[in-house]
Amino acid sequence: MIVMKFGGTSVGSTEAIGATAAIVAQKVAEQAKTTRPGVVVVTSAMSGVTNALIDSAQAAALGDETPYREARSSLLVKHQMVCGQLIEDGVERAALGRLFDSRLREFERLCRSIAVLGELTERGMDVVSGMGERLSAPLLAAVLRANGVRAQFIDAGELIITDDTYGSASPLMEQTFARCIDRLLPMVQSGVVPVITGFVAATEKGIPTTLGRGGSDYSGAIIGAALDVDEIQIWTDVDGVLTADPRIVKNARCLEELTYEEVAELAFYGAKVLHPKTVTPAIEKKIPVRVLNTFNPSHPGTRIVESTPNRPLGVKAITAIKDMQMITVAGRGMMGVPGIAARTFGAVARQSANVLMISQSSSEQSICFVVPGKEGPRVVQSLQAEFERELKQHLIENIHSQNEIVIVAVVGTGMKGVPGIAARVFNALGTHNINVIAIAQGASEANISLVVIRAEADKAVQAIHDAFELGIGD
Ligand code: ASP
Ligand code: MG
């Protein structure tokens, strides 16, 4: 039994949905020959749709009603077109037409009330932003039926139960697993392929929530873990996870295998292959996750498992996360004073800012950390308020921020306990005259991250990629 999750580009056009349907049909046939057959499909919205929905709702809150009106008709056309080209059965077509129409009417009604209120709550946004999957999943199910697959649409609101953190809800795993087993297993066992909306979920009371942008991967992994499937497949538009961004590094290579830990580190530092939470449900049950390309389905992709044979130095991949801001709290008066770090991060947390990296000099005269650039100014203000007294007394000399910096993360589970890796990284950077502003290593030793200025980031990634010969296969 497998879960196949298809991303936005895999369902982004008539051709893509056609390719996706062919892949699913083939997997269904392959699965039929196994001891525990079954295919469960999870899908994203058609590419661009979620953004259009969100933009429309935001514009409506500001009183601009044009975007949602335009989105309603363009989204109708977009979905109808696929339906018209891939589905011949008149009854199916008519039913889908009615469904698109009623969903988009609801979208329009929601946006109209947002415009009237002049306010957009996170809760309201989840209803609007999840609409794309509620259009694409029934469409994909119908296209699969047109291709001879016994497919049935299911709304994940029935399956994935979350808390009420709208915008980025956390699943309540026990209830979610129970629902998935009750609802999906009988279907799968009778040879039906459930086609489930990614990204969306609901609270215990049935109020719609979402799992956060890009969350369909996570949906796929949650459902896969619930059903204890043999593999969770993430179908996307690249061959797999690469050693580095191919736009930066010409000889970037697709990795055959990665560990859960490595992929989580890469996702955390901005590699756009998988939603950062995707592997967490898979880890406990040790379910392999495979990243595959809908537009090159014979490529084996990248398999993500618990452990992999190591490369000699353990480094697997490099990623860079741009548009960051580094904030430094510095002063001689901080030395040995307990509580400064706690107060610093308390002030950061009050702004709900996401800290990506922390480093403190051993002389304790400064703490520096990195947050996304857009969060920087609020964090600095919050710190200035927190340390008002210390600043006046010059115990803290300044709270200073540096814009436009980049975190470069060197990732590999096999770096653990291997000496000389940091030296090789810095050597590579030194040779290219690249200045390292800060460094940090996670206690897990699965990553070394360093901060460089934006202008040197690409050069840094390439230099480290070369130093570890990542372009050369195993
Ligand atoms: N459609 C959602 C988004 O664009 C979820 C996903 O694609 O995974 O964020
Ligand atoms: Mg996506």
Side-chain angles (χ1 to χ4, degrees), residues 3-13 16-17 20 40-58 67 71 74-75 78-79 82 100 103-104 107 110 120 122 124-141 153-157 159-160 162 165-171 195-202 208-224 232-238 241 263-264 266-268 270-282 289-295 354 372:
V3 164
M4 306 175 79
K5 178 265 164 175
F6 291 91
T9 50
S10 299
V11 292
S13 65
I17 296 197
T20 291
V40 175
V41 171
V42 176
T43 184
S44 291
M46 292 180 77
S47 51
V49 170
T50 313
N51 285 342
L53 295 166
I54 292 174
D55 293 349
S56 306
Q58 280 169 344
S74 67
L75 292 178
K78 193 176 173 94
H79 291 82
V82 178
F100 295 154
R103 296 257 146 98
L104 288 165
F107 160 68
L110 279 162
L120 176 56
E122 294 264 7
M125 182 58 108
D126 274 357
V127 182
V128 174
S129 66
M131 207 69 93
E133 276 72 7
R134 295 189 158 109
L135 293 165
S136 65
L139 173 60
L140 179 58
F153 162 67
I154 299 195
D155 191 305
L159 304 171
I160 301 182
T162 66
T165 315
Y166 299 105
S168 180
S170 296
V195 180
I196 307 166
T197 49
F199 182 50
V200 302
T209 55
T210 63
L211 302 177
R213 291 308 306 272
S216 297
D217 293 343
Y218 192 29
S219 310
I222 294 166
I223 293 166
I232 296 163
Q233 301 185 340
I234 306 290
W235 289 84
T236 177
D237 54 6
V238 289
V241 183
V263 88
L266 287 171
F268 181 75
K272 292 247 159 42
V273 250
L274 280 185
H275 184 277
K277 290 183 196 157
T278 308
V279 291
T280 48
V289 177
R290 194 188 282 274
V291 179
L292 290 151
N293 189 352
T294 303
F295 307 97
N354 186 15

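The first residue of the sequence shown is numbered 1, and numbering continues consecutively from there. Whatever order the structure lists ligands and atoms in, that order sets their numbers, starting from 1.
- Residue Asp217 places no N or O, backbone or side chain, under 3.5 Å from any N or O of ligand 1.
- Taking every non-hydrogen atom of Arg213 and a distance limit under 4.0 Å, the qualifying atoms of ligand 1 come out as 3 (C), 4 (O), 9 (O).
- Looking at Leu110, Thr197, Val200, Thr50 one by one, the single match for side chain to side chain contact (heavy atoms under 4.5 Å, CB included) with Met131 turns out to be Leu110.
- Only the side chain of Glu133 comes within contact range of ligand 1, with a heavy atom under 4.0 Å; no backbone atom does.
- With sequence neighbours excluded, no residue forms a side-chain contact (heavy atoms from CB on, under 4.5 Å) with Ser74.
- Of all the atoms in ligand 1, the ones that sit under 4.0 Å from a non-hydrogen atom of Ser44 are 6 (C), 7 (O), 8 (O).
- For the pair Val49 and His79, the minimum side-chain heavy-atom distance is below 4.5 Å.
- Distances between N or O atoms of Lys5 and those of ligand 1 include no value under 3.5 Å.
- Not close to ligand 1: Gly132, with no non-hydrogen atom less than 4.0 angstrom away.
- Considering all non-hydrogen atoms of both residues, Arg134 and Pro208 come closest at NH1-CB, 4.4 Å.
- Thr209 and Asp126 share no side-chain donor-acceptor pair at under 3.5 Å.
- Below 4.0 Å from some heavy atom of Gly214 lie the following atoms of ligand 1, by number and element: 3 (C), 5 (C), 6 (C), 8 (O), 9 (O).
- Here the shortest heavy-atom pairing between Phe153 and Ala141 reads N-CB, 3.9 Å.
- Looking at ligand 1, you won't find any N or O of Gly212 less than 3.5 Å from one of its N or O atoms.
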